[in-house]
Visitor: 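Before we start, here is the structure in question, set down as structure tokens.
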Amino acid sequence: MSQTVDRALSILPLLAEGPADLGRVADRLGVHKSTALRLLRTLHEHGFVYRQSDQRYRLGARLIALAQEAMENLDVREIAHPHLVRLNEQCGHTVHLAVYEEDEVLYIDKVESRYPVRMYSRIGKPVAITVAAVAKLLLADLPENERRAVVEKLDYPLYTARSTPHAEAFLKELAKVREQGWATDLGGHEESINCVAAPIRGADGRVVAAMSVSAPNVVVTADELLTLLPLVRRTADAISGEYSGRTPVHHADPLHHPEKETP
């Protein structure tokens, strides 16, 4: 029975590559055509594969609907929280999780620092969208036209001398963030607070959330905080892997730049 299930499941990734005829399925499984046909018929009965008029098989609508339903029911906060707690235990600093919703970036989870100096951020509160590291990651992933439209209608308050001054500067910063795959806020919102952040991606590679580690200068310098970037990125990759069902990619070098994403 387990071998039959294994063979049936092995058909699905083959058909994900495109329609295939009975002979190709049998060859891929290393079985006789009659065995392959029996497996395909069972999958067809459940709506997991569909037989086209040219007698080739492709993935069925039922399988696609199940995958979509599963994705819609995933809670990124629930999946991320244990990883955020573990990261907090490793570094001791405040850890945030944020998402982009209705033109705002909101914190949806927070693990407090173990140090006496605490951050005043709150779950459910919008972040300072033009300077926050998590906001940069979430906006950088938007399609170019949408990204520009969002950026051009924002206000640009000068919280500090390091705040983003205007839309063109923000677009330039977002392009850099999109290319390098991580972001920082080094005194852009509060002079004394620094932050490093990494993206959490879904199965389609799009950014669904962003996580960050923040700390005040009195606890750790900006340069010292940046040394945590590999750990932050590994944590984000682990969350992405669990959320999307993919094996995460590990980053060892804090200056490692992945290949540029195509918009």
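Just so it is clear, the model here is predicted, and its values are computed rather than measured. When reading the values below, keep in mind they use all heavy atoms of this one structure, side chains included, and skip hydrogens, waters and symmetry mates.
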Visitor: Y50: what forms a ring pair (Phe, Tyr, Trp, His ring centres under 6.0 Å) with it, not counting sequence neighbours?
Guide: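 By the ring pair (Phe, Tyr, Trp, His ring centres under 6.0 Å) rule, Y50 matches no residue at all.
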Visitor: Apply salt bridge (charged side-chain N to carboxylate O under 4.0 Å, His left out) to E191 and list each qualifying residue two or more places apart in sequence or on a separate chain.
Guide: none
Visitor: With H81, which residues qualify under side chain to side chain donor-acceptor pair (under 3.5 Å), at least two apart?
Guide: D109
Visitor: With sequence neighbours left out, write down each residue that passes salt bridge (charged side-chain N to carboxylate O under 4.0 Å, His left out) with R206, or none if nothing qualifies.
Guide: D141
Visitor: Is there a side chain to side chain contact (heavy atoms under 4.5 Å, CB included) between V196 and W182 once you walk through the steps?
Guide: CA-CA 8 Å; V196 294; W182 50 273; over 6 Å; no
Visitor: Going only through I, L, V, M, F, W and Y residues with side-chain contacts under 4.5 Å, is there a path from L226 to L231?
Guide: yes
Visitor: Which pairs with one or both residues in residues 8-26 pass salt bridge (charged side-chain N to carboxylate O under 4.0 Å, His left out), sequence neighbours excluded?
Guide: E17-R24, E17-R28
Visitor: Using salt bridge (charged side-chain N to carboxylate O under 4.0 Å, His left out) as the criterion, list what pairs up with E173, not counting sequence neighbours.
Guide: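 E173: salt bridge (charged side-chain N to carboxylate O under 4.0 Å, His left out) contacts with K136.
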Visitor: Kindly write out the residues that satisfy side chain to side chain donor-acceptor pair (under 3.5 Å) with R38, not counting sequence neighbours, or none if the list is empty.
Guide: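 Checked R38 against side chain to side chain donor-acceptor pair (under 3.5 Å); zero matches.
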Visitor: For R7, enumerate each residue passing the salt bridge (charged side-chain N to carboxylate O under 4.0 Å, His left out) test, keeping only those at least two apart in sequence or located in another chain.
Guide: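 Scan of R7 (salt bridge (charged side-chain N to carboxylate O under 4.0 Å, His left out), adjacent residues dropped) gives none.
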Visitor: Holding to side chain to side chain donor-acceptor pair (under 3.5 Å), I want the full list of residues that pass it with N217, two or more places apart in sequence or in another chain.
Guide: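 Only N194 meet the side chain to side chain donor-acceptor pair (under 3.5 Å) criterion with N217.
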Visitor: For R41, what residues pass the side chain to side chain donor-acceptor pair (under 3.5 Å) criterion, not counting sequence neighbours?
Guide: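 Here no residue qualifies.
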Visitor: Cluster partners of Y159, using ILVMFWY side-chain heavy atoms under 4.5 angstrom, listed by chain and number?
Guide: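 Cluster partners of Y159: V131.
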Visitor: Applying ring-ring contact (aromatic ring centres under 6.0 Å, His included), which residue pairs with at least one partner in residues 128-154 are found, sequence neighbours left out?
Guide: none
